[in-house]
There are 2 protein chains.
Amino acid sequence: MPATIRDVARASGVHISTVSRTFSAPHLVNPETRVRVLACAEDLGYRPNRAARALITGRTHNIGLIVADIANPFFPPLIKAAEGQARQRDYHVFVADTNEDVAAEEDLVHALAKQVDGVLLCSPRMSNSLIEQVSREVPVVVINRQVGGLPCVMMDVGQGARAAIEHLLGLGHRRIALLGGPRGSWTAREMRRAATAAARGGGAELTVLGPNQPTETGGGALAEQVRRGGVTAVLAYNDLMAIGLIEGLDALGLRVPQDVSVVGVDDIALSRLTRPKLTTVATPTAAAGRTAVDMLLQLDSDAPRGARGRGAAAGDRRTTAQVMLQTVLVVRDSTGPVPEPGRDDTGA
Amino acid sequence: MPATIRDVARASGVHISTVSRTFSAPHLVNPETRVRVLACAEDLGYRPNRAARALITGRTHNIGLIVADIANPFFPPLIKAAEGQARQRDYHVFVADTNEDVAAEEDLVHALAKQVDGVLLCSPRMSNSLIEQVSREVPVVVINRQVGGLPCVMMDVGQGARAAIEHLLGLGHRRIALLGGPRGSWTAREMRRAATAAARGGGAELTVLGPNQPTETGGGALAEQVRRGGVTAVLAYNDLMAIGLIEGLDALGLRVPQDVSVVGVDDIALSRLTRPKLTTVATPTAAAGRTAVDMLLQLDSDAPRGARGRGAAAGDRRTTAQVMLQTVLVVRDSTGPVPEPGRDDTGA
DNA sequence: TCTTCGGCTGCAAACCTTTGCAGGACTGCA
DNA sequence: TGCAGTCCTGCAAAGGTTTGCAGCCGAAGA
């Protein structure tokens, strides 16, 4: 049923190669012929078969986007932005969810490799060496992690963590807890490094709790530890954990921000809707998605287009762009001045 | 660089067709040969090229998933479930976002048509006739809408709305508002129909406000109208609007549920995290995603597999499955008994 | 010993495009 | 009139795979 290039050729009385050129190199075909072909194509509802085209050009005009958990509210804005940017450039995007599983992650990129011109890896959990290995099979741009010389786009959570700690210091807090993220997360390491340094610089004590599941439940589970630790402020790995923690503290009878200040990271839509509204480090997720797509497509057009097969597939011109996006601290209602000493479990 | 079937054939000393069969019809090849071929394939890192396979089989093993807005928290759980189900069946999924735009929606399904075995249309904004038209080009399963005889999976918001209204009636409310959804939404119509009937049955008065943008802002904008209307309870088109409304009411000095009861629809993760926790009609979005994928794949395997080209592409065996998923009312903290009469703007 | 059959493998066409090469029709110039 | 050059078009190979058909080999039955 679907019309092929041959049907159009027959209908318009030209050779298939002319039809092909009408679409892929219009300047090579006589204007009159072109309009005739276009008219027939329109009539028959012809659309070039991308798979067949990919077979010979080596360009699929698809990209893959691999994330740890689609339902984690951090990702949808990124996915949306990436998809929009890609489509504007006439690319379609495969979205895949690894469920935070390393093996699934690897399988996925292999499975997708032949079908895409490149893959976006969001907050991958794979080891660096594994990532480098798969990057030899298919062009890769990494989001939210720095791995070797691979192109990547990061959000400066280090700076964000520092700003958050300084904000807390400014409110008088000196005993602060950091709710760590998942094992193997680059972001988690960066935050820890920066937060520790900032706390030390401000003469405060920072205790690290974790690693943890980066979810609401993961945050809630730490409420008891936070209470026992006697800290007056908490920086959480992300907003979800911060919100979970606030819930948990509430259940223990601790109020935010009167008893404990809490700051999150990401500024997901949700953080504006909870009560208290969450103080958080806003990460430019949409910009990251767009930038990553641009980088990937750039990489792609730099690649040796004609040299298919054995050609120097990669390595020649390693575009080693690594961009760092700025974060900004958004102060809302979940942080406040350190409580007066003399409370049950806060005193020295 | 990537190994082809030919490389494997050469390495294992058999014809390419034998390699092909090793993968797609293993029982046709001698066990010894098979292990040898498999070993060579493994060695060379060979993976069948799906595009080439698609070219001849007519099956891409891809599906398309078209949603109005990836960032709307209603969709991610559905996307996640659909993607998981698809991949389990060895399908990859294209996700595309229409930004609530009808034209984009149509373009998208045409653009995707050649590259997928079927398309999932989530809460489409296209007209019925347009949907039926595109469904002749590519198999379609519609989610959250009933259109002609097309296969679809719906969530019973009618029943949900009825349950919500009955819950409110039970709490003594007799003046209730319905916050309508976007124009052209099937769900919105169903809710309205059911809610009106239920209210009338219970001797209550139901005023419909809308249509509206199905967002937090859309809900917030109605706070003033709700106050002026003097209603004691509100059923919102979805949780986002309900939450926005609660915010708006709060700004006007009205407390939920003491002054006004609010019920949402969807039970997005968010609704458990706001204060007060939202009473809402839970819709089985994940189940809907999985079911829709199953239906699409079923459709696909029913189709005349061999008869490519002119064959009876559709129409023969219209699998007209239309499944309706149950919803359930989740009572939390945003609904309560009707306030005592005598308050400023509630009295008759 | 001859046939038959089953199990396995090779052959080649087909799927739909793109693209280097060559050829045809024309134009303009000498 | 002849020639070079330009524009356009057709030819055919190529890309990686599947699959109907035919052929080979060996075993079983007669």
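Everything numeric in this text was worked out from a predicted model, so none of it was measured. Chain A is the first sequence line, chain B the second, and so forth, proteins listed ahead of strands; every chain is numbered from 1.
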Rounded to whole angstrom units, what separation is found between the [atom1] atom of [X] and the [atom2] atom of [N]?
{"X": "B:Ile5", "N": "D:dT17", "atom1": "CD1", "atom2": "P", "value": "5 Å"}
{"X": "B:Ile56", "N": "D:dG15", "atom1": "CD1", "atom2": "C1'", "value": "13 Å"}
{"X": "A:Leu55", "N": "D:dG15", "atom1": "CG", "atom2": "C1'", "value": "4 Å"}
{"X": "A:Arg50", "N": "C:dC15", "atom1": "CZ", "atom2": "C1'", "value": "19 Å"}
{"X": "B:Leu44", "N": "D:dG16", "atom1": "CG", "atom2": "P", "value": "14 Å"}
{"X": "B:Asp7", "N": "D:dG15", "atom1": "CG", "atom2": "P", "value": "11 Å"}
{"X": "B:Arg21", "N": "D:dG16", "atom1": "CZ", "atom2": "C1'", "value": "16 Å"}
{"X": "B:Gln115", "N": "C:dT17", "atom1": "CD", "atom2": "P", "value": "13 Å"}

Write down the atom of [X], the atom of [Y], and the distance for their closest heavy-atom approach.
{"X": "A:Leu299", "Y": "A:Pro151", "answer": "CD2-CG, 4.0 Å"}
{"X": "B:Phe94", "Y": "A:Asn62", "answer": "CE2-ND2, 3.6 Å"}
{"X": "A:Ala286", "Y": "A:Ala81", "answer": "O-CB, 3.3 Å"}

Exercise for the section: Find the bend of the helix from C:dT1-D:dA30 to C:dA30-D:dT1 as the angle between its two terminal axes (five pairs each), to the nearest 10°. Expected result: 50°
Practice task
Taking atom types as modelled, find out whether B:His61 and B:Arg53 have a side-chain donor-acceptor pair closer than 3.5 angstrom.
Solution key: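 No - no donor-acceptor pair under 3.5 Å links their side chains.
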Exercise for the section: Classify the side-chain pair B:Gln85/B:Asp294 by whether it contains a donor and acceptor separated by less than 3.5 Å. Expected result: yes
Handout entry: Qualifying salt bridge (charged side-chain N to carboxylate O under 4.0 Å, His left out) pairs, either residue in residues 25-48 of chain B, two or more places apart
Key = none
Problem - A:Ala68 backbone acceptor or donor facing A:Arg125 side chain under 3.5 Å - result: no
Practice task
Quickly, which of A:Val67, A:Asn72, A:Val95, A:Asn99 forms a side-chain contact (heavy atoms from CB on, under 4.5 Å) with B:Lys80? Name it, please.
Solution key: A:Asn99
Practice task
Scan residues 22-30 of chain B against DNA chain D and write down, sorted by residue number, each residue with any heavy atom closer than 4.0 Å; if none is found, say none.
Solution key: none
Exercise for the section: Under 4.0 Å from any atom of DNA chain D, heavy atoms only: list the residues of residues 10-20 of chain B that qualify, in numerical order. Expected result: B:Ile16, B:Ser17, B:Ser20
Exercise for the section: Would you please name every residue forming a salt bridge (charged side-chain N to carboxylate O under 4.0 Å, His left out) with B:Arg87, sequence neighbours left out? Expected result: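 Salt bridge (charged side-chain N to carboxylate O under 4.0 Å, His left out) list for B:Arg87, sorted by chain: B:Glu83.
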Handout entry: Inter-residue atom distance A:Leu325.CG - A:Thr285.OG1, 0.5 Å rounding
Key =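 So the gap between those two atoms works out to 10.0 Å.
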Exercise for the section: Among C:dC16, D:dT17, D:dC8, find the nucleotide with the atom closest to the side chain of B:Asn49. Expected result: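 Given the options C:dC16, D:dT17, D:dC8, the side chain of B:Asn49 is closest to D:dT17.
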Practice task
Mind checking A:Arg47 for me? I need base, sugar-phosphate or nothing, with any heavy atom below 4.0 Å counting as a touch.
Solution key: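 Since only primed, P, OP1 and OP2 atoms lie under 4.0 Å of A:Arg47, the category is sugar-phosphate.
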Exercise for the section: Would you mind listing every side-chain hydrogen bond (donor to acceptor under 3.5 Å, both in side chains) that reaches into residues 101-110 of chain A, with sequence neighbours excluded? Expected result: A:His110-A:Glu137
Completion exercise
Walking DNA chain C from its 5' end, the first of B:Arg36 and A:Tyr46 to be reached, judged by nearest nucleotide, is B:Arg36
